[in-house]
Amino acid sequence: MFSLKGELVRPKYFLAAYWVSLCILTALCFVFSKADIHLTSNQWIGNPPVDQFFKMITLAGDGTVAFVLVAVLAVWRPRYAIWLLASIVLSTLLLWLFKYGFFSSNLRPCAWFSKECTSLKLVPGVKVHSLNSFPSGHATTVFGYCSLLAVMFTGNGIRLALLLFAWLVAYSRVHLSLHFLEDILAGSFLGVLSTLLCVHFLKIKDFRSPFQRFKNHSGN
């Protein structure tokens, strides 16, 4: 049975807060239809500062950010770089399995509401898509690396800030009408699960990067 031990004990408050928020948001999906939830969110469209904020923060869910973080960690904390890279590979495989396999015909909000003859307000300059809505790749990415950073950093304040940041990035996909709420919830779960599995099962001892060794050697 999977249980928290070793490295995974440290971010227990991050994980506890994540599971609570995930359960609450999942309950909303059972109480209200995805159409009602999305149309409620869509009412916020048209406020320039809010629209611009979500247009910018959604970029943090791009895969490029995750790979840049891998490169930074490779210099700073190598084993965390390995864990993150493994998490990216695992979550990507799972994401493709669901997005382009089991749920390849799932419509994104614009296409779904167009089929229902309901128009949405859209944020100017955002390119929308029609298919492969479930799950959200951006949510998977941001929750993958934020949960890894929650393992690495100390301080529950930082960990809760990481969780809030991850939810904001994930929600940006709903605000921009690129995904439904259920899409980002599933994506967040894939990201967190992939990181937990990699940290739990990949036993990697802490070691210094070549940069750190060179720095220490030069200092001597």
Distance, nearest 0.5 Å, that separates CD1 of Ile184 from CG of Leu178:
11.5 Å
Dump the intermediate steps for side chain to side chain contact (heavy atoms under 4.5 Å, CB included) on Ile57 and Phe165, then the final yes or no.
CA-CA 9 Å; Ile57 200 171; Phe165 174 76; 4.1 Å; yes
Under 3.5 Å donor-acceptor pairs involving side-chain atoms of residues 41-48, not counting sequence neighbours:
residue: Ser41; atom: OG; partner: Tyr171; partner atom: OH; Å: 2.7
residue: Asn42; atom: OD1; partner: Lys121; partner atom: N; Å: 3.0
residue: Asn42; atom: ND2; partner: Lys121; partner atom: O; Å: 2.8

Do the ring planes of Phe153 and Trp76 sit parallel (below 30°), tilted (30 to 60°) or perpendicular (above 60°)?
tilted
Answer yes or no: is there a side-chain heavy-atom contact under 4.5 Å between Leu131 and Ser105?
no
Return the minimal non-hydrogen interatomic distance between Cys29 and Ile37, and the atom names on each side.
CA-CD1, 4.0 Å
Give a yes or no on whether the backbone of Val169 and the side-chain of Ser172 come within a donor-acceptor separation of less than 3.5 Å.
yes
Quick one: pull up CG in Leu28 and OG1 in Thr40 and give me the separation to the nearest 0.5 Å.
10.0 Å
Using a 4.5 Å cut-off on heavy atoms from C-beta on, say whether the side chain of Leu190 contacts that of Phe98.
yes
Count the heavy atoms belonging to other residues, nucleotides or ligands that lie under 6.0 Å from CZ of Phe67, then report whether that count exceeds 12.
no
Residues Ser136 and Ala139: closest non-hydrogen pair is OG-N, 3.1 Å
If only side-chain N and O atoms count, and only distance matters, is there a donor-acceptor pair under 3.5 Å linking His38 with Ser177?
yes
Rounded distance [0.5 Å steps], NZ in Lys99 versus OG in Ser133:
6.5 Å
Would you call Leu73 and Leu148 a side-chain contact if the rule is heavy atoms closer than 4.5 Å?
yes
Of all heavy-atom pairs linking Ala66 and Thr141, the shortest is CB-CG2, 3.9 Å
Parallel under 30°, tilted from 30 to 60°, perpendicular over 60°: which one fits the rings of Tyr100 and Trp96?
perpendicular
Are Trp19 and Leu164 linked, directly or through intermediate hydrophobic residues, by side-chain heavy-atom contacts shorter than 4.5 Å (ILVMFWY only)?
yes
Is the shortest heavy-atom distance from the side chain of Leu95 to the side chain of Pro135 under 4.5 Å?
yes
With a 4.5 Å heavy-atom cut-off, do Leu197 and Leu90 have their side chains touching?
yes
Do any N or O atoms from the side chain of Ser194 and from the backbone of Gly191 form a donor-acceptor pair under 3.5 angstrom?
no
Closest approach of Leu162 to Ala150 (non-hydrogen atoms, all atoms of both residues):
CD1-N, 3.7 Å
Determine whether Leu25 and Leu160 fall in the same hydrophobic cluster, where Ile, Leu, Val, Met, Phe, Trp and Tyr are linked whenever their side-chain heavy atoms lie under 4.5 Å apart.
no
Shared hydrophobic cluster, Leu59 / Val123 (ILVMFWY, side-chain heavy atoms < 4.5 Å):
no
All heavy atoms of Leu176 vs all of Phe54, minimum pair found to be CD1-O, 3.9 Å
Taking it one step at a time, do Phe143 and Tyr18 satisfy ring pair (Phe, Tyr, Trp, His ring centres under 6.0 Å)?
CA-CA 10 Å; Phe143 272 92; Tyr18 168 71; 5.4 Å; yes
Ignoring hydrogens and angles, state whether a donor on the side chain of Thr195 or Trp83 is under 3.5 Å from an acceptor on the partner side chain.
no
To the closest 0.5 Å, what do you measure between CG (Leu85) and CG (Leu69)?
11.0 Å
Give a yes or no on whether Val68 and Tyr80 share a hydrophobic cluster (residues Ile, Leu, Val, Met, Phe, Trp, Tyr; joining criterion: side-chain heavy atoms under 4.5 Å apart).
no
Would you confirm whether Arg108, through its side chain, and Val128, through its main-chain N or O, come within 3.5 Å as a donor-acceptor pair?
no
Apply side chain to side chain contact (heavy atoms under 4.5 Å, CB included) to the pair Cys146 and Leu163, showing each step before the final yes or no.
CA-CA 7 Å; Cys146 280; Leu163 180 61; over 6 Å; no
Taking the side chain as C-beta and beyond, is there a heavy-atom pair between His175 and Val50 under 4.5 Å?
yes
Within a strict 4.5 Å, meaning less than it, do heavy atoms of the Leu120 and Leu39 side chains meet?
yes
Within the 4.5 Å heavy-atom criterion, are Arg159 and Asn156 side-chain neighbours or not?
yes
Please step through side chain to side chain contact (heavy atoms under 4.5 Å, CB included) for the pair Phe180 and Trp112, ending with a clear verdict.
CA-CA 10 Å; Phe180 289 104; Trp112 195 90; 3.8 Å; yes
Intermediate values then yes/no, side chain to side chain contact (heavy atoms under 4.5 Å, CB included), Lys55 and Val126:
CA-CA 8 Å; Lys55 281 178 67 175; Val126 175; 3.9 Å; yes
In short, Ser147 meets Val192 closest at the heavy-atom pair OG-CA, 4.0 Å
Please report the interatomic distance CZ(Arg77) to CD1(Ile82), rounded to the nearest 0.5 Å.
12.5 Å
Interatomic spacing from CG in Leu97 to CZ in Phe103 - rounded to 0.5 Å:
9.0 Å
Please tell me whether Phe134 and Leu93 are part of a single hydrophobic cluster in this structure, the criterion being side-chain heavy atoms less than 4.5 Å apart.
no
